[in-house]
Amino acid sequence: MKDEFGLPTYLDRDRFPIDEWALRETAFSADDQGKTETLFAVGNGYLGMRGNVEEGRESFSHGTFINGFHETWPIRHAEEAYGFARIGQTIVNAPDAKIMRLYVDDEPLLLPVADLPAYERVLDFRDGILTRTVDWRTPAGKHVRLKSSRMVSITERHLAIMTYEITLLDADAPVTVSSQILNRQDGSDEYHVRSAALGTRFDPRRAEHLHERVLLPQTQWEGDGRYVLGFTCQNSGMTLAVAADHTVETANEMEELGFVEEDLAKHVVRVRARKNQPIRITKVVSYHTSRGVPSRELVDRCRRTLDRVAHDGIETYVEAQRAWLADYWARCDVVLPEQPAAQQAVRWNLFQVAQASARAEGSGIPAKGVSGSGYSGHYFWDSEVYVLPFLTYTMPRAARNALRFRYTMLDAARRRAHELNQKGALFPWRTINGEEASAYYAAGTAQYHIDADIAYALCQYVAATGDVDFLAREAIDLLVETARLWRDLGFWRGNGAGTFHIHGVTGPDEYTTVVNDNLYTNVMARYNLRAAASAVRNLQENDPAAHRAMVKRLGLREEEIADWLRAADNLYIPFDERVGIHPQDAQFLEKEVWDLDGTPKDNRPLLLYYHPLVIYRFQVLKQADVVLALFLQGHEFTAEQKRADFDYYDPLTTGDSTLSGVVQSIVAAEVGYQELAVDYFGKSLYVDLADLHGNTSDGVHVASAGGIWSALVYGFGGMRDGNGVLSMDPRLPELWPGLTYRVTVKDTRVRVDLRQQDVTFTIETGERVTFDVRGEKVTVTAATPVTVPLEDQGPRIIGAPRTKDLEGTRRADGTLVTAKVPDVHDDALPIAVMRPETYD
Ligand code: BGC
């Protein structure tokens with residue numbers, strides 16, 4: 001079902017009513033708890049708490065995550081080879097401080113079976129606070145009203161604040177609340193409840209389950225309602241301390257008891273509760289972590305945080321958070337006038353990016369943020385290509401942090417390049433600590449394009465912010481070392497006017513691996529080589545001292561630059577005249593086509609049902625590859641090439657990765673497939689809200705959430721910046737009344753109001769900005785908004801390219817491309833069933 005704007009209506013609006021500034025839930029369900037735990041997670045990029053119910057029992061997976069806080073373990077390859085990743089890295093489930101067990105008349109509140117005349121849970125995007133209001137009719141028939149809140153502070157990144165308020169509405173009763181901090185990583189639940197996450201099937205996208213004890217208890221302490229636990233990770237040596245303060249306010253008679261053990265701290269509040277006399281418990285929690293500082297020191301840091309909050313009062317932090325988010329929305333909000341449902345979903349996605357990155361300082365941005373353990377808490381290229389564009393134009397400080405984090409990993413990347421017989425630096429495909437953690441090199445380490453993705457995001461950041469100081473002092477090293485890698489990895493074919501080739505790499509599409517001359521890689525490597533050359537030249541001209549220091553630091557020789565440029569200018573870009581497209585790689589068109597239309601729906605995603613070799617044998621894509629190059633380096637392709645490439649690849653693209661839809665939407669919009677663009681956008685918008693990939697329970701798909709901004713601003717807004725110039729060629733869908741977004745360019749924030757007939761630029765802060773609108777230079781100053789009339793919203797093509805269009809296409813050698821689906825035997829079982837040992 002679609003709404004009048006062409007967007008899908010997936011959500012049950014009785015249970016999740018539309019609210020433009022919040023996600024609301026009006027009924028509890030144990031059936032989709034994994035999903036809602038993710039959707040209602042709160043976090044600040046450093047600390048994240050899943051939306052587990054306060055009472056701490058029933059859950060899909062209890063989760064508290066600290067960005068970068070991980071355990072290491074030796075990867076045992078069944079068949080070893082030189083250079084394989086050796087050290088696995090897995091995010092740790094940090095001690096759970098969310099728990100507030102409730103007993104009335106000594107009966108526990110168990111949400112799935114409780115009689116709940118009223119229930120509402122709200123995650124408000126303006127204050128970032130998760131609140132829950134529940135009316136509970138106890139088994140003895142008493143009415144209890146519960147109000148609770150949970151906030152992970154954005155302004156104070158080590159802090160979380162929770163409140164829990166109980167009021168008996170029609171009778172007196174003994175009430176007990178057991179507030180806890182529990183190490184769930186190493187123990188089962190206090191009551192040995194097995195979490196649903198442990199019982200589900202194997203899926204390579206989930207985190208490994210560590211069997212050994214991970215958190216070694218170091219410190220336990222309690223006094224005056226304050227509890228402290230300290231731990232060290234067995235292998236990684238990382239340390240953690242968590243501390244909680246409790247304040248109880250009530251007119252009832254009560255007593256407080258405290259217990260602390262190695263893996264558990266408990267503050268028990270026993271109350272003789274009278275009717276209409278509320279009991280309010282405030283729990284203030286602090287987490288500190290480190291790569292190796294003794295946990296005792298972290299305990300002191302926790303104490304300092306708690307003392308400060310005790311002194312200031314929690315309202316100070318609530319207000320600060322409100323102010324922070326007001327500023328956030330002023331910078332980044334994207335408005336879809338008259339579309340409240342989509343508006344809510346857009347804001348939920350943009351809010352997720354803040355929750356994943358705002359205070360990630362010193363760490364990267366994990367693929368799931370801090371909302372779940374999926375992908376083991378690793379950082380991928382997701383940040384650079386899907387999240388950083390948004391941050392660069394709205395929250396540049398966070399973009400800088402993420403780039404600085406890559407800079408701090410440069411030495412590890414140099415070592416990795418050396419290990420793989422290469423000069424320069426090779427960034428790991430997936431990592432937490434800078435070392436490659438991808439055990440499957442074909443779809444991991446072989447994705448050398450991550451080097452160019454980092455260079456791309458860096459140059460985009462510098463062009464948009466003018467932060468040349470960061471480039472001059474540190475980040476230039478990233479450009480030089482990645483350029484060196486490309487120059488060394490590639491090789492010349494032919495003499496004189498030869499071509500430069502890059503063999504044995506994997507592009508973004510993980511259904512086609514270890515190929516020669518992957519188009520995306522070559523186009524991005526060319527960009528990287530040129531960007532490095534021009535950054536070095538600029539530095540030489542504008543900051544000779546910094547240039548001299550860099551040359552000395554990196555031992556850069558003058559001839560290297562000319563060499564990079566020669567390689568870039570001659571980089572081989574595959575093009576097939578007969579089919580009229582850019583092949584994804586040198587051998588791509590040799591393969592037969594996988595008939596996606598003929599593939600049983602039950603066999604998706606393909607990666608769970610077919611051996612990689614079966615998939616690799618066909619023309620079939622997990623995610624946009626050539627099409628991503630068409631977007632990021634659009635100025636390198638003609639409009640006709642873009643149309644032909646899009647037509648060719650779109651029907652072959654499964655979208656089995658959530659990173660695909662947003663890019664397909666952007667390029668569909670550009671070439672003119674307006675309905676299709678809206679379609680891809682709608683599916684990406686609800687990837688998590690409607691759990692379209694069935695694994696939202698493992699955490700938010702942060703790249704897709706960041707990509708929502710890209711789909712709106714680059715896709716429908718038509719903005720481009722690939723060659724350092726900000727241009728705009730809008731593509732507002734016919735059914736949409738308008739689209740408003742903001743971008744900050746060199747400290748000037750401009751609001752762009754796009755409508756069917758025109759686009760208006762208004763400076764909100766700062767002085768002036770220049771755009772190229774369909775070839776016309778438009779300069780906007782603080783004094784007056786500028787409106788540019790639009791004749792249309794670009795070309796219009798009805799429908800979508802179909803696989804059958806490919807049938808009968810001839811290759812360059814004259815052979816016909818055919819389509820088929822590999823047979824699935826009736827006894828073929830998904831990997832889950834065949835490898836039970838991998839999931840428990
Ligand atoms: C995608 C990768 C991505 C990773 C983490 C995979 O499914 O194919 O491109 O980096 O997920 O989000």
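What's counted below: heavy atoms across the whole structure, side chains too, no hydrogens, waters or symmetry copies. Order of listing sets the numbers, starting from 1, for every ligand and every atom in it.
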(message) So if I count the atoms of ligand 1 from 1 in the order they appear, which ones are less than 4.0 Å from some heavy atom of L659?
(response) 3 (C), 9 (O), 12 (O)
(message) Checking the N or O distance criterion of under 3.5 Å, is ligand 1 in contact with E510?
(response) yes
(message) So that I know where these two stand, are F405 and Y379 an aromatic pair - ring centroids less than 6.0 Å apart?
(response) yes
(message) Restricting to ring pair (Phe, Tyr, Trp, His ring centres under 6.0 Å), what partner residues turn up for Y407, sequence neighbours left out?
(response) none
(request) Please answer whether the main-chain N or O of S657 pairs with a side-chain N or O of S660 as donor and acceptor at a distance below 3.5 Å. (result) no
(message) Need the ligand 1 atom indices (1-based, order shown) with element for anything under 4.0 Å from a heavy-atom of W429.
(response) 10 (O)
(request) Enumerate the atoms of ligand 1 whose separation from the nearest heavy atom of W381 is less than 4.0 angstrom. (result) 2 (C), 3 (C), 9 (O), 10 (O)
(message) Under 4.0 Å from a heavy atom of K622: which atoms of ligand 1 are those, numbered in the order shown and with their elements?
(response) 1 (C), 6 (C), 7 (O), 8 (O)
(request) Any side chain to side chain donor-acceptor pair (under 3.5 Å) involving residues 381-390? Give me the pairs, sequence neighbours left out, ordered by first then second residue. (result) E384-R406
(message) Going by side chain to side chain contact (heavy atoms under 4.5 Å, CB included), D451 matches just one of L478, L485, L489. Which one?
(response) L485
